[in-house]
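Below: the structure, in C-alpha cells.
This one's a predicted model, so the numbers in the text were calculated from it and none came from an experiment.
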Amino acid sequence: MALDISILYRGELSGCNYACGYCPFAKRTDEPAHLRVDQSQVERFVSWVKGRRHDRLGVFFTPWGEALVRPWYQDALVSLSRLPHVERVAIQTNLSCRLDWVEDVDRAALGLWCTYHPGQVTRDEFLSQCQRLDRVGVRYSVGVVGLREHFAEIEALRLVLAPEVYLWVNAYKRQPDYYQEDEIDWLAAIDPLFELNNQRYRTRGRACRAGETVVSVDGAGHIRRCHFINQCLGNLYQDGWESVLAARDCTNEQCGCHIGYIHLKELDLYRLYGHGLLDRSVDGTPKREQARDRVVRFQTSLPTPLTHHGEPIGRSARRGW
C-alpha cells in the first residue's frame with residue numbers, strides 16, 4: 001500500500017558553528033568518528049527514501065546542530081529534491097554554509113527554514129545569503145528568536161528581505177508573560193502568525209497527526225511519533241514498519257514547539273501553511289486573524305485551563321479579543 005507521510009529526521013549530528021546563549025539544544029563538538037557515523041546514517045536514510053518510489057514523501061531534517069556546513073547534508077537535499085516521489089525536502093539552518101549546491105536542486109521540492117542569529121552573524125552577511133537564494137529561486141522562510149534585544153534587528157530585517165519571504169518570530173517562552181500587550185501587537189504586525197507560536201497548547205488527549213502521517217526518525221532508524229514523545233514505535237529499516245502508523249491522541253500535557261503543535265488536527269495549520277508546512281513558509285501574506293481564530297478555537301474548547309508557572313496558558317490569546 002502506498003503511503004503519504006512526512007518524516008522528521010534528526011541524526012547524530014549535534015555540533016554547531018554558532019554559540020547562541022538562548023539555544024535550547026545541547027551542543028557538543030562532533031569528533032571525526034562521530035561525523036563519519038552521522039554521514040553513514042544520512043546516506044543510508046537517503047538510500048531508503050530512494051527505494052520508496054511508490055510512496056509520496058516529505059522529508060524534514062531537524063538537526064541538533066548546524067547540518068548544512070556538512071557536505072553530506074547538501075548532497076542529501078540535492079538527491080532527495082530530484083526524486084519524483086518526494087514532494088518536499090526541507091532543513092533547519094542558520095544559512096552559514098556555502099550555497100553553490102543549490103544550483104543543482106529541484107527548486108520546486110526544496111524549502112529552507114533559515115534562522116537569523118544576531119550576534120553570531122551580521123545582518124548584511126545573512127541577507128547576502130538570502131539574496132543568493134532569491135536569485136536561484138529557492139523557497140525559504142526566515143526566523144528570529146523574539147528576544148527584546150533582537151527587536152531592532154527583526155524590524156530591520158523585515159525592511160530588507162524580499163516582500164514575499166515570510167519572516168516569523170519564535171516567541172521566547174522560558175520567562176512567563178515575557179511580552180507586554182503592545183509588544184505582541186508590534187511583533188504580530190511583522191509576523192501575523194506570531195500569536196500561534198506564543199502559546200503552550202494543552203495537548204493531552206487531543207488528536208494529532210504525529211504517528212499517523214508524520215513521524216520522527218533518528219539516525220539508527222528508530223521511529224517515534226514526534227520529537228517530544230520518546231516512545232519508540234519501531235524501526236524504519238525493518239520489514240513491516242508501516243504497521244506502527246496509526247491515529248493517536250497526544251500523551252504530553254502541553255506542546256509549545258512549532259514542529260510539534262503544527263500537527264494538531266484541531267489547529268488546522270496544514271491548510272494555513274500548505275506546501276510550505278515543513279519549511280515554515282506561507283503563500284501570500286498571512287493575516288493575524290488566521291492565527292487568532294485558530295488559537296481561540298483551540299484554547300476555548302478545553303474543559304479546564306492549563307497553567308504554566310501559575311499563569312493560564314493561552315491567556316494573551318483570550319484576553320481582549
Side-chain angles (χ1 to χ4, degrees), residues 5-20 23 25-53 55 57-115 117 120-121 126 129-130 132-133 136 138-141 214-224 227 235-238 241 259 278-280:
I5 189 170
S6 293
I7 299 172
L8 277 60
Y9 180 93
R10 178 175 286 170
E12 295 294 315
L13 187 95
S14 63
C16 188
N17 55 342
Y18 286 1
C20 307
C23 181
F25 293 161
K27 294 292 194 302
R28 64 170 181 259
T29 300
D30 289 316
E31 299 296 333
H34 190 77
L35 291 174
R36 287 193 292 270
V37 170
D38 182 66
Q39 179 177 359
S40 176
Q41 290 179 338
V42 169
E43 291 172 349
R44 182 187 187 190
F45 174 70
V46 171
S47 178
W48 177 90
V49 173
K50 288 180 178 179
R52 303 293 300 194
R53 61 186 180 276
D55 296 331
L57 303 176
V59 176
F60 183 23
F61 292 95
T62 61
W64 285 115
E66 175 53 40
L68 280 185
V69 295
R70 306 299 177 184
W72 55 93
Y73 281 94
Q74 299 170 12
D75 293 343
L77 292 179
V78 172
S79 295
L80 293 177
S81 74
R82 292 173 169 179
L83 298 176
H85 61 284
V86 174
E87 297 231 319
R88 196 70 165 170
V89 57
I91 192 168
Q92 294 175 323
T93 176
N94 61 28
L95 210 58
S96 62
C97 63
R98 63 182 181 86
L99 289 176
D100 54 318
W101 57 273
V102 300
E103 303 284 348
D104 299 322
V105 302
D106 183 338
R107 276 74 151 173
L110 179 67
L112 298 180
W113 162 314
C114 307
T115 308
H117 298 282
Q120 303 295 312
V121 62
F126 183 83
Q129 292 287 78
C130 294
R132 174 76 181 272
L133 297 177
V136 177
V138 169
R139 178 165 172 157
Y140 65 99
S141 69
V214 57
V215 293
S216 169
V217 172
D218 66 17
H222 298 307
I223 302 168
R224 295 170 177 83
H227 288 328
N235 192 286
L236 200 67
Y237 304 128
Q238 294 179 352
W241 69 270
I259 62 174
L278 296 182
D279 50 281
R280 203 170 178 173

Which atoms form the tightest heavy-atom contact between Q129 and C97, and what is the distance?
-> NE2-O, 2.7 Å
Between L95 and L133, is any pair of side-chain heavy atoms under 4.5 Å apart?
-> yes
Heavy-atom closest pair, residues G221 and V217 | CA-CG1, 3.8 Å
Check whether any side-chain N or O of R10 sits under 3.5 Å from a backbone N or O of T62 as a donor-acceptor pair, and report yes or no.
-> yes
Sub-4.5 Å side-chain heavy-atom contact between S81 and V86 | no
Selection residues 93-103 - residue pairs positive for salt bridge (charged side-chain N to carboxylate O under 4.0 Å, His left out), sequence neighbours left out = R98-D100, E103-R107, E103-R132
So, do L13 and D30 sit near enough that their side-chain heavy atoms are less than 4.5 Å apart?
-> yes
To the nearest 0.5 Å, how far apart are CG in L68 and CD1 in I91?
-> 4.0 Å
List in chain and number order the residues that pass salt bridge (charged side-chain N to carboxylate O under 4.0 Å, His left out) with R70, two or more places apart in sequence or in another chain; answer none if no residue qualifies.
-> none
Closest approach of L236 and I223, non-hydrogen atoms and distance?
-> N-CD1, 3.6 Å
In chain order, what residues pass the side chain to side chain contact (heavy atoms under 4.5 Å, CB included) check against Q39, with sequence neighbours excluded?
-> E43, W72
Pairing residues for Q238 by the side chain to side chain contact (heavy atoms under 4.5 Å, CB included) criterion, not counting sequence neighbours = N235
For Y140, what residues pass the side chain to side chain donor-acceptor pair (under 3.5 Å) criterion, not counting sequence neighbours?
-> D134
Tell me the ring-ring contact (aromatic ring centres under 6.0 Å, His included) pairs involving residues 73-101, sequence neighbours left out?
-> F61-Y73
Sequence neighbours left out, what passes side chain to side chain contact (heavy atoms under 4.5 Å, CB included) with S141? Give chain and number order.
-> W168, R280, S281
Tell me, please, which residues at least two apart from T93 pass side chain to side chain donor-acceptor pair (under 3.5 Å).
-> E66
Using the test side chain to side chain contact (heavy atoms under 4.5 Å, CB included), find all partners of Q120 that sit at least two apart in sequence or belong to another chain.
-> Y18, A19, C20, H117
Would a 4.5 Å heavy-atom cut-off, applied to side chains only, mark N94 and V121 as touching?
-> no
Rounded to the nearest 0.5 Å, the CG atom of L80 sits from the CG atom of D75 at a distance of 10.5 Å
With a 4.5 Å heavy-atom cut-off, do R139 and L110 have their side chains touching?
-> no
State, to 0.1 Å, how close V78 and D104 come at their nearest heavy-atom pair, and which atoms those are.
-> CG1-O, 3.7 Å
Do V138 and L112 have side-chain heavy atoms sitting under 4.5 Å apart?
-> yes
Residues A76 and V42: closest non-hydrogen pair is CB-CG1, 4.0 Å
Are R88 and F60 close enough that some pair of their side-chain heavy atoms sits under 4.5 Å apart?
-> no
Could you tell me the separation between the NZ atom of K50 and the OG atom of S79, rounded to the nearest 0.5 Å?
-> 4.5 Å
Nearest 0.5 Å, what's the CD-CD1 distance between E87 and I5?
-> 13.5 Å
Hey, does R224 have a side-chain heavy atom less than 4.5 Å from the side chain of D218?
-> yes
